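Just so it is clear, the values below take in all heavy atoms, side chains as well, and ignore hydrogens, waters and symmetry mates. Both counts, for ligands and for their atoms, begin at 1 and track the order of listing. Predicted, not measured: the structure shown is a model, and the values here were computed from it.
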Amino acid sequence: MNAPTPAPQPFPFLFRPMREEDIAEVMEIERYSFPHPWPESAYRNEVRYGINSLFYILQPYSEPSPANWWDRLWKRRRGERCPVIGYVGMRLLPAEAHITTIAVHPEWRGRGLGKYILLMAIRQAMQHRVRFVTLEVRASNRVAQRLYTDLGFRVTGIQRGYYRDGEDAWTMRLGPLDGAEIERLEEIRRATEERIVKRET
Ligand SMILES: CC(C)(COP(=O)(O)OP(=O)(O)OC[C@H]1O[C@@H](n2cnc3c(N)ncnc32)[C@H](O)[C@@H]1OP(=O)(O)O)[C@@H](O)C(=O)NCCC(=O)NCCS
């Protein structure tokens with residue numbers, strides 16, 4: 001007799017729009033992640049007024065069940081929330097989404113979550129008829145550069161002294177996002193999700 005097929009594991013993280021109450025935790029990651037962090041007001045303005053911006057966070061997710069529901073209510077009463085473990089921001093331009101920020105909490109790095117966040121952001125951007133995704137990355141930031149090239153971003157130029165401390169930026173671009181390219185990215189997203197589920201559950 002064949003062994004029963006195990007039920008598929010639920011995805012253990014939730015990718016959702018950033019809200020004002022997330023910003024304190026976003027700022028904590030921001031300070032760990034960048035030599036010149038954005039001020040808190042920048043995130044607040046983006047979340048409140050950024051009509052051409054899309055900002056998302058990633059947090060651990062547990063399936064709501066009755067037992068869990070009580071647990072959640074109890075936690076909420078005590079002011080406990082699921083922590084923010086990563087975030088991404090984009091600005092929408094005509095036919096283009098420009099990634100303005102992306103970071104994962106240092107304790108959660110190297111598990112595929114940065115790749116997942118970026119793929120989910122690209123997926124959201126595509127709903128706004130975006131054909132290209134662009135970004136700048138520090139010339140020294142090998143980890144982020146590898147993440148972007150893995151997903152198919154190509155270097156389109158170098159901006160000399162772009163950052164406040166004088167470091168150069170590479171400008172990178174993904175696209176055009178048409179049928180085959182969208183399917184390729186979806187394939188990577190599915191594989192990344194599987195890898196995360198295997199690791200985290
Ligand atoms: C860049 C960042 C978001 C990546 O997040 P992450 O969750 O660690 O990345 P992932 O685990 O999803 O890895 C994605 C890819 O990045 C690359 N990568 C991740 N960690 C790496 C490391 N230590 N060395 C080299 N490449 C690495 C790999 O290509 C990896 O793909 P693979 O696992 O299939 O080999 C994270 O390192 C971060 O927050 N850095 C500080 C902020 C920052 O630099 N943001 C980018 C601004 S342009």
Under 4.5 Å side-chain linkage, directly or through intermediates, the cluster mates of Tyr162: Tyr163

Presence of salt bridge, Asp178 and Arg184, under 4.0 angstrom: no

Contacts of type side chain to side chain contact (heavy atoms under 4.5 Å, CB included), residue Ala42, not counting sequence neighbours: Trp38, Pro39

Amino acids contacting ligand 1, non-hydrogen cut-off under 4.0 Å: Ser33, Phe34, Ile102, Ala103, Val104, Arg109, Gly110, Arg111, Gly112, Leu113, Gly114, Lys115, Glu136, Val137, Asn141, Val143, Ala144, Arg146, Leu147, Tyr148, Asp150, Arg195

Parallel, tilted or perpendicular, as decided by the 30° and 60° cut-offs, for the rings of Tyr116 and Phe11: tilted

Ring centre gap for Tyr61 and Phe13 strictly below 6.0 Å: no

Ring pair (Phe, Tyr, Trp, His ring centres under 6.0 Å) partners of Phe34, counting only residues at least two apart: none

